[in-house]
Each structure stands twice: as C-alpha cells, then as structure tokens.
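See structure below.
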Amino acid sequence: MTPYEPSKTEQNWQTAWNEAGVFTARRDPSKPKYYVLEMFPYPSGRIHMGHVRNYTMGDVVARYKMAQGFSVLHPMGWDAFGMPAENAAMERGGHPKTWTYGNIADMRGQMKPLGLSIDWSREFATCDPEYYGQQQAMFLDMLKAGLVYRKNAVVNWDPVDMTVLANEQVIDGKGWRSGAAVERKELTQWFFKISDYAGELLDALDGLEHWPEKVRLMQANWIGRSQGLQFAFETVNAPEGFDKIECYTTRPDTLMGASFVGISPDHPIAKALEKTDPDLAAFIAEARKGGTTEEAIETGEKLGRDTGIRVRHPLNPDWELPVWIANFILMDYGTGAIFGCPAHDARDHEFATKYGLTITPVFAPVEGEAPTGEFVPLKSEKVRYLKGFAGEEVQTGEDAIKAAIAFAEAKGFGKGVTNYRLRDWGLSRQRYWGCPIPVVYCEKCGVVPEKKENLPVLLPDDVSFDRPGNPLLRHPSWSQTTCPCCGAPARRETDTMDTFVDSSWYYARFTNPHAKTPTVAEDAAYWMDVDQYIGGIEHAILHLLYSRFFARAMVKTGHLPEKAKEPFKALFTQGMVTHEIYKTTDANGRPVYHLPEEVENGVLKATGEAVEIIPSAKMSKSKKNVVDPMNIIGSFGADTARFFVMSDSPPERDVEWTAAGAEATSKFLARVWRIAQEIAEGAPDAGNPAEDKALLKTVHKAIDDVTRAIEGFAFNKAVATLYGLANAFAKSQASNAVKRQAMQIAAQLMGPLVPHLAEDIWRLMGGEGFVVTAPWPKADPALLVEDEVTLPIQINGKKRGEVTVPKTMPANEVEKIVLADEAVIKALAGGQPKKLIVVPGRIVNVVI
RNA sequence: GGGGGAAUGGCGGAACGGUAGACGCGGCUGACUCAAAAUCAGCUACCUGACGGUGUAGGGGUUCGAGUCCCCUUUCCCCUACCA
C-alpha cells in the first residue's frame, strides 16, 4: 500500500493531461459547445484563496461539462493594465511592463499546480500589443458608428501628482497619495454613448434568467429609469440669453407647491452670474468643491444662494418664484434645474426651512390633516389633493403624475420625458499604463482617427516615473506624428483608455485570441455567448454593465453575431474567503497585525504574547489575515486546497478558512486513497447479494446527488455526498468485484473536485485512459427507487412512531397498519381518528 | 435616506410544505500501542434520573402538518447614495 502523497503524483497527471492536450478547446461542429469563464485576475503577483475558490468552481463546471460530452472552452488571461503597475514603478523604480509581466509569470506559476482544466494556449494579457491593438481597431469602428464622442467633463485633479484621480482615490477631499487638496478640473475627454442603450440594457435584464436576481436589480437601479415632466419657467429679470429655465420633475403633480427654482452650481446661468458677481462666484466655487468627500456626503449640509432672478409659474403668470443656486443639484441629471416643493420632498424641505422659503402643502392624507414637516407618501398611495390641477381630488400619486403630464402637454408648457440615471462612460485616463486612444490632433483637420494600418499605436518603452504627471505627455517625441488625413505634423492623443474597456470584450477575444482582427466570425459564432460566467459580486454593476454595452457595440460594428448581444448567458457570483484577524498593539499604541501561521492557540508562536482576535473578514493584506494558497498546496496538495474551498459553505456565501479544516480535508483524501487501495489489493470473493445491491444503490444515488449538486452550483453538497460515499465503502461487506465497479464510479464523481486523486483511483481500478475524458456516469433509475419505505407516524403533527412498508402499498393498506400501531391505539384510547392523512412514500398523520 | 439578503447545535452548514440538525469541523468514549501520533469503532441539539418534554431570532396567522408560505417586530451583512 502506498501512502497518499499528492506532491509526487499531482504534477505527473498535469503533465500527462498537457501532453494529451485534453484541455485544448476545439471548434467541433459535431458537439454542443460550452464556454465557461471565470473573471480574469489582475496580475498583482500572488494568487489568493479567493482566486483558488473562483477558479476551482469554474474548473468543476468545465470538467463536468467535458464529461457530459460538450466541447469546452475554458480560457485564462490577465487584466494587466492599470495603476498599480505605475505605482510600483514610482515607488520602486523599474518599468510597469517588467513589473506586470513578471507578476504574470509568478501567478501563472502558482495557478498551474492547481491542475485547472485551462486551455493555456489561449492565454493573453490585455497589455499585449496584440490585444490592445485590436481594441484600438474596435475603438475606431465604434467612433465611426457614432458610439464614441468627445465632450468636456469635470475630473478630480491632483495638483501635486499632476494626475486625474478616481473618486475612490479622493479621501476627505485630498489625493490618496500626495495628500494635496483635490481640484475639480474641466478636461475634454472621450465618452462611450452607453446612454443610447440605457433603455435596452434595462429592458433586456428581464431576459437574463440565469443571472442572480440581486445583480439584475442592482443594474436596474443603476440605470435608474424615471418618467417625468420637462418644462420651462419663463424668467423675469435674468441675464441676456436666459429667458427660460428648463426643469425636470418626476412629481409634476406638486407644481402648485413650488416655492423656489433651484439650479446647479454648474448650470449655465450660474456660470454667467459668477463672472459679474464675485460674492456669488465664491459661493459657487465652494459649492463645487463640496460633495467629493465622504464626509460632505454624509453630513450633506444643504447650501444655497438667492440669485435675485425671478421666474413666472407656468400655471399662473402673476406668481413669481425666486431662483436659487443650491449645492445639492446635479448638473448632469435632468436639466440641472429643479423646482423645489418643500412640502413633499425631504431635501427641498430642509433647504426651505433653512432659508425661510414658503412651504405649501399640495396634498394631504385621505383621512385627517397633513402632517407637519414634509409628507412623502408612496406614489402608489391615494392622497387628497388640496392644490391639484389635473385629475381627481382623491387619487394616487401615480395617477396624478400622469394627469399632470397630460395637462402640461395639452396646455403646451411641457412634455413627458423618460430620464435615466446612467451617464455616458468616460473612458479617458491621463495615465501611461493603458491602451492608447488611437486619434490624432491636426491643426488643419482637427480630430482625426488613426488609420487602421498604423495600428497598434504602441506605448513607448522609454518612459520615466521619477516625476509626477503623465509620462506620455512629457515624452519628447512619442506624441509627434503626422496627420493620417493630410500628412502635416500632428499630435497624438496622450490619454489612454479606462481599464474597464480592456475587460469589456476579453471574453470575445478568447474565442480566437491571436487573430489579426478583434474577433473571427466563425469562432465567435461557435463559442459565444459565455454559457457560465463566474466572479465576484463586486463587479455586479460596472464591469458587467460595460460588457453588456460593449457586446452590443460589437454587434453593431460587426465584431460579434447578434446572438452574442448578451455576452453572459448565466452568471454566478461567489462569496469571499474570510479569516480571523490577529492583532497586537505596539509600544506606541498602534495596531500590529499577524499572519495566521504566526499564531497558535491565541498567542504568538514566537513570543507567547496573547493576540486580540477580531472576527472574520475578507482576507486582506493590510490586516494580514491571509493564507497563502501556495502554503496549502505545498503542505497538502492541490486536491486538498480545491476540495476544502468547495466544502461546507454554499459557493455564493462567504467561506471561513480554518487550518484545521484543511488538514481534515487532507486526511479524508488519504482515507479515500487507502480504501481504494484496499479494494485494489483485495482478492475476488463471493460477497453477498444484499450487500452488493446496497453498495450499488448508494453509488447510484451518489451519481444522482453529485450531478444535481454540480448542476445547481451546490458544490458543498457534492462534497457531502462524497464523504457519505466514502463512509459507505468503509462499512460495506459487498464483494470485491462490486466494490471495484463502485469505486470506479466514485473516481468519476470525484473527478471535477479532486482531479488528480481521481485519476490515481481510476487507474488503480483499471479504468481506460483518463477519468477526465471518460463520459459522466449515468444513474440507473432502477437502483434509485427504494422497495421499502419507513413512514413516520405523526399524531396531530407530532412524530410518535414509524412503520416500514413496501413502497407500492396502497394507502388503505397503510391505514390499516397504522391503526394497528401501538402508539396510535394508545393515543386513540378506543376512539376514532378525526382524520387520517397518508402521503404515499412520505408520512402518515393521525388527527385526533 | 433608498434597495437587497440573511438569522437553524460549540462551529460551517443539510432539509420537494411531510421524521429538523444530512455531511464536515470540534468534543467525548473505546480499540490498537510500553506510550504518543496516525488509524479504526461508537456517541455528540437542549432540559430530565427516567417516562417524557422543548426546540430553526421574537410575536401572530394559514395548514392535518411550517425552518420552509403570509403579516408584524428585532438584529446582522452587502450594495447604493442629494438622481428632483
């Protein structure tokens, strides 16, 4: 008997699979295809347990589908552009490219020992010129198709680092790295017209039945459709050119409760006024600054300034309202101007109270008085209108809104419009390590797209990060080029693309990753769409929404077939891997965190100092509650790591990593290996027919259970079934021949989860070829049915006994047996039951 | 503020409206051993000496029967955030 030594065998199987090319995806028209994809990783340099969990799930599905006879595509790549590479270059010197490719090599080296069924021949990184060149080609097609445009937009600008910051890099109004006060700066930037697709992206969510309801809802909220009225206030004493102020409202029924008109600090009128009124200009500058910090949003103090401008109420020209500039009004939603109705809007109420503006109730509860303070009932609720102007006196808000829009349209002072919260996707980044935007600025011809034959527009290698700012901008020659149109000297765009662009189409590129065009029609047609996409819930909104938009844009520009418009047929979002946090405090009272491997029984191994244990949280380097998968693989092997991350917790839920659990998993696998060897070494024997049948039944039940569990993404239940199966083998008195047969099936069931051990057992049992390519076992229906069933006997819903009867016994026979049961006779005490319920095959309930 | 989800033994978690706690971790007992580890066998929701009783966050309801369906309450987690 040989001991279980995964470190000796796992590598051999990986080599054997590799040499046989079992994971090479082939376009095979004779087979149904299955495309399983896990969200590709950012090459940070180390894989973590979350990766192991994510890729194991995908691998289980891929191997299972392969056994089911599908032609499987299961690729892997790297989301390789982005700021960490530049940050590393700034901190440690070196080049982002070196850093990135070095990290990729390291991570690939860590992933390969997991034995994933990945077709590595399709691997690419988004920073490969071969990839981003095709992305540039697609950008040009999208530009031509009117899906890309330029406009001014405000960005967070760090004046010290001379760079644009993402919102999450602005902490308390200061740059996360430099600590400098962040400025708002207007730049001309490139945008994708995702808003053109807002309605479609929203409506199509209904068709994504294999997506989590939660993700669909999050996207729906993000797109944020609203129906409302757009109308204009006529101004009385506004500056030249502003004789109207357009407003948008979702509550036109409250028009008679208007108390002021509010405009955004970025509204054209505000911009006109600040030129002549220094006092107002100061306020506007302050108002614009606010809102970027977390704290400002939290406290959200509402500030405003009366412009002195007055407007006429559309329903009564004699009624004049003041126009205020208010810090809580957003320029890029609706028209950047609103009318305030303090009686029925919490924000307006706060504002009106603060500045002493009138508060006029428009409606009240159907019964009783209007509450003091704002009254904001659900739109679906009926209310009594005090100052209605359209529809019934008592009606729901919804009906009143419809009536008000109809009224405004009939009178010609406004029209019903649909608005979306979703804004266009700004893709310009003033950064080096990203895909260059392939356009050229020519003095004569203006903005000119680069010619496709000049692609890729390559990033220059000779750049330095010792100074702040964008290296592309200060590069002596890179941006100097000639106009693709007239040949005159011209300047390249120095902005690069948002890295979300890279990840918005990589799934399509995997269908033919080294083609000279973004995609190849036959490959895209065969493989798309992705049958199963697996990743973290943190990408529920942006990445998935951008990908849905991009797939549509690729259909429009001819890079994907119509059927791939929704790129991900099914989506699964997995939970995090968590661990306790171990903390001590240093002499200065600052927290010090310790790795789990440094702690034993609540004290530091090195010093014996007690640690504070903080409840589990997502593994994070800063809290040091990380377990390096390489340690687990090194100590116990890949199969243990894979089996353990799939155990216990349902995949969508967080899983708590425990060292004890990993060790126990390893012991279990060793036990299975031992049992298999005992069977292999056992001599032929007579066995006993009842035991033989019992084991076969258990195994076939396990086929059924594991199949269902994998289909339903309940890997923890598949694991539980395998534990149960091992226990059955250990106890079974079946003949050696039957045990062999059963163990061979068990190897197949284990295959997706612990592929290396499964191969070992498969071979030991005399299986042909690889277990990974063997067809998935089918449960024999005859072995799934029980001949006898044990029915619990309930008396008034409480279990009081049980009775074992043949499965097919008719209900009236069962009744007789039940009525003869000792417990029932005792309970009845000579009387008759009120009711006798027999649920065939399940339960009996005697009602007394 | 808005939206979503969750709550079951010491712990992770099972359970078509039909025997609550599968399976695992941990723990306990025993076998093997000079001993330990490893391994194997068994026990392990709570109360009770036992008979029996009580139990799925709490309170109501529907049902022959509720962890599961409906209503209310509490707590926790996640997402989102001045969207007019």
Side-chain angles (χ1 to χ4, degrees), chain A residues 3 212-218 220-226 228-229 247-252 254 262 264 290-291 294 296-298 300-302 326-330 332-341 344-348 350-351 376 419-423 537-538 540-541 575-576 616-617 643-644 647-650 652-658 660-665 667-668 670-671 674 705 714 716-727 730-731 790-802 833-848:
Chain A
E213 186 58 39
K214 180 182 178 163
V215 174
R216 291 193 283 171
L217 215 116
M218 282 164 79
N221 289 340
W222 188 260
I223 296 168
R225 175 151 57 198
S226 70
L229 178 73
C247 282
Y248 173 75
T249 178
T250 56
R251 291 309 298 258
T254 64
S264 161
E294 287 275 330
I297 293 168
E298 282 297 321
E301 194 188 354
K302 297 195 175 15
N327 66 343
F328 63 94
I329 298 168
L330 308 171
D332 49 6
Y333 184 78
T335 61
I338 58 136
F339 77 82
C341 177
H344 304 295
D345 183 282
R347 296 156 302 181
D348 297 347
E350 185 188 335
F351 191 76
V376 192
N419 247 322
Y420 294 93
R421 185 181 168 279
L422 180 69
R423 287 152 218 193
I537 187 80
E538 66 271 22
I541 297 175
M576 303 176 296
S616 278
F643 202 65
F644 180 64
S647 322
D648 293 354
S649 282
E652 67 277 13
R653 227 180 284 176
D654 297 347
V655 65
E656 168 77 8
W657 179 272
T658 64
E663 201 187 335
T665 300
K667 283 183 185 175
F668 170 72
R671 178 167 171 240
R674 217 162 33 236
D705 287 347
N716 56 321
K717 288 190 228 167
V719 167
T721 300
L722 293 177
Y723 268 102
L725 192 55
N727 292 339
K731 287 193 179 66
T790 300
L791 299 179
I793 299 174
Q794 290 185 338
I795 293 170
N796 289 339
K798 298 251 179 218
K799 191 197 163 195
R800 286 290 181 268
E802 56 184 36
K834 267 197 208 139
K835 212 169 179 182
L836 190 55
I837 294 146
V838 177
V839 184
R842 298 223 64 104
I843 204 164
V844 181
N845 194 7
V846 186
V847 185
I848 296 170

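Naming: A, B, ... by sequence-line order, numbering from 1 per chain. Small disclaimer: the values here were computed from a predicted structure and weren't measured.
Spacing of P atoms, B:C46 relative to B:U56, comes out at 15 Å, to the nearest Å. Annotation: B:U75 and B:G58 have their C1' atoms spaced 11 Å apart (nearest Å). Nucleotides B:G60 and B:A22 place their C1' atoms 32 Å apart, quoted to the nearest Å. Taking atom P in both B:C69 and B:C16, one finds a spacing of 11 Å when rounded to whole Å. Straight-line distance between the P atoms of B:A84 and B:A15: roughly 41 Å, to the nearest whole Å. As rounded to the nearest Å, B:A20 and B:G26 have P atoms that lie 29 Å from one another. Using atom C1' as the reference point in both B:C40 and B:G4, the two lie 49 Å apart (nearest Å). Taking the C1' atoms as reference points, B:G21 lies 9 Å from B:G13, given to the whole Å.
Here B:A81 presents its P atom at 11 Å from CG of A:Leu330, a figure rounded to the nearest Å. Separating the CG atom of A:Asp345 from the P atom of B:G2 is a distance of 13 Å, rounded to the nearest angstrom. The CZ-P distance, from A:Arg251 to B:C82, rounds to 20 Å in whole Å. Rounded to whole Å, atom C1' of B:A15 lies 13 Å from atom CD1 of A:Ile843. In this structure, CD of A:Glu538 is placed 12 Å from C1' of B:C79, rounded to the nearest angstrom. The distance between atom CG of A:Leu725 and atom C1' of B:A22, rounded to the nearest whole Å, is 14 Å. Rounded to an integer number of Å, the gap from A:Lys717 NZ to B:G21 P is 16 Å. As a whole-Å value, the separation of A:Ile541 CD1 from B:G3 P is 16 Å.
Residues A:Leu229 and A:Thr249 have side chains in contact (heavy-atom distance under 4.5 Å, counting atoms from C-beta outward).
Contacts of A:Arg800 with the nucleic acid, taken as non-hydrogen atoms under 4.0 Å apart, involve only primed sugar atoms and P, OP1 or OP2. Counting non-hydrogen atoms under 4.0 angstrom, A:Lys834 reaches nothing in the nucleic acid. Base engagement by A:Ile329 is indicated by at least one non-hydrogen atom pair under 4.0 Å involving a base atom. Across all strands shown, A:Ser647 has no heavy atoms under 4.0 Å from either base or sugar-phosphate atoms. Nucleic acid contact class of A:Lys799 (heavy atoms, under 4.0 Å, all strands): base. Within 4.0 Å (heavy atoms only), A:Asn716 reaches sugar-phosphate atoms of the nucleic acid but no base atom.
Distance check, rounded to the nearest 0.5 Å: CZ of A:Arg653 to CG of A:Asn716 gives 9.0 Å. For the atom pair A:Asn845 CG and A:Leu791 CG, the distance stands at 12.0 Å (nearest 0.5 Å). Summarising the geometry, atom CG belonging to A:Asn221 is positioned 8.0 Å from atom CZ belonging to A:Arg421; distances are rounded to the nearest 0.5 Å.
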Each nucleotide N or O in nucleotides 60-67 of chain B that has a protein N or O under 3.5 Å away: list the pair and distance.
from	atom 1	to	atom 2	distance (Å)
B:C64	O2'	A:Asn845	ND2	3.2
B:C64	O2	A:Asn845	ND2	2.7

Write down the protein N/O and nucleotide N/O pairs, taken from nucleotides 23-30 of chain B, whose separation is under 3.5 Å; answer none if there are no such pairs.
from	atom 1	to	atom 2	distance (Å)
B:G24	OP1	A:Asn727	ND2	3.2

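Residue-to-nucleotide proximity on RNA chain B shows that, of A:Tyr420 and A:Arg653, the 5′-proximal contact is made by A:Arg653. Comparing A:Glu663 and A:Ile338 by the nucleotide of RNA chain B whose heavy atom lies nearest to each, the residue mapping closer to the 5' end is A:Glu663.
Between A:Lys731 and the phosphate of B:C40, there is no side-chain N or O to OP1/OP2 separation shorter than 4.0 Å. Checking the phosphate oxygens (OP1, OP2) of B:A15, no side-chain nitrogen or oxygen of A:Arg842 falls inside 4.0 Å. When the side-chain nitrogen and oxygen atoms of A:Tyr333 are compared with OP1 and OP2 of B:A84, one or more of them lie within a distance under 4.0 Å.
With a cut-off of 3.5 Å on both pairing distances, the Watson-Crick or G-U wobble partner of B:G26 is B:U44. Pairing of B:A31, defined by two Watson-Crick or G-U wobble distances under 3.5 Å, is identified with B:U39. The base-pairing partner of B:U19, taking Watson-Crick or G-U wobble contacts with both distances under 3.5 Å, does not exist among the strands shown. If you check B:U75 for Watson-Crick or wobble pairing at under 3.5 angstrom, you find it paired to B:A6. Nucleotide B:C69 forms a Watson-Crick or G-U wobble pair with B:G61, both donor-acceptor distances falling under 3.5 Å.
Closest to the side chain of A:Lys214, from the set B:A81, B:C78, B:A84, is B:C78. Between B:A14, B:C79, B:A81, one nucleotide has an atom nearer to the side chain of A:Met218 than all others, and that is B:C79. Distances were taken from every side-chain heavy atom of A:Thr249 (C-beta onward) to each of B:U19, B:A14, B:A84; the shortest belongs to B:A84.
Checked by atom type, the side-chain pair A:Ser226/A:Tyr248 shows a donor-acceptor distance below 3.5 Å.
Stacking of A:Lys302 on the aromatic ring of A:Phe328 is recorded, both the 6.0 Å distance cut-off and the 45° axial limit being met.
B:G67: glycosidic angle beyond 90° from 0, hence anti.
A donor-acceptor pair under 3.5 Å links the side-chain atoms of A:Ser264 to the main chain of A:Ile329, judged by distance alone.
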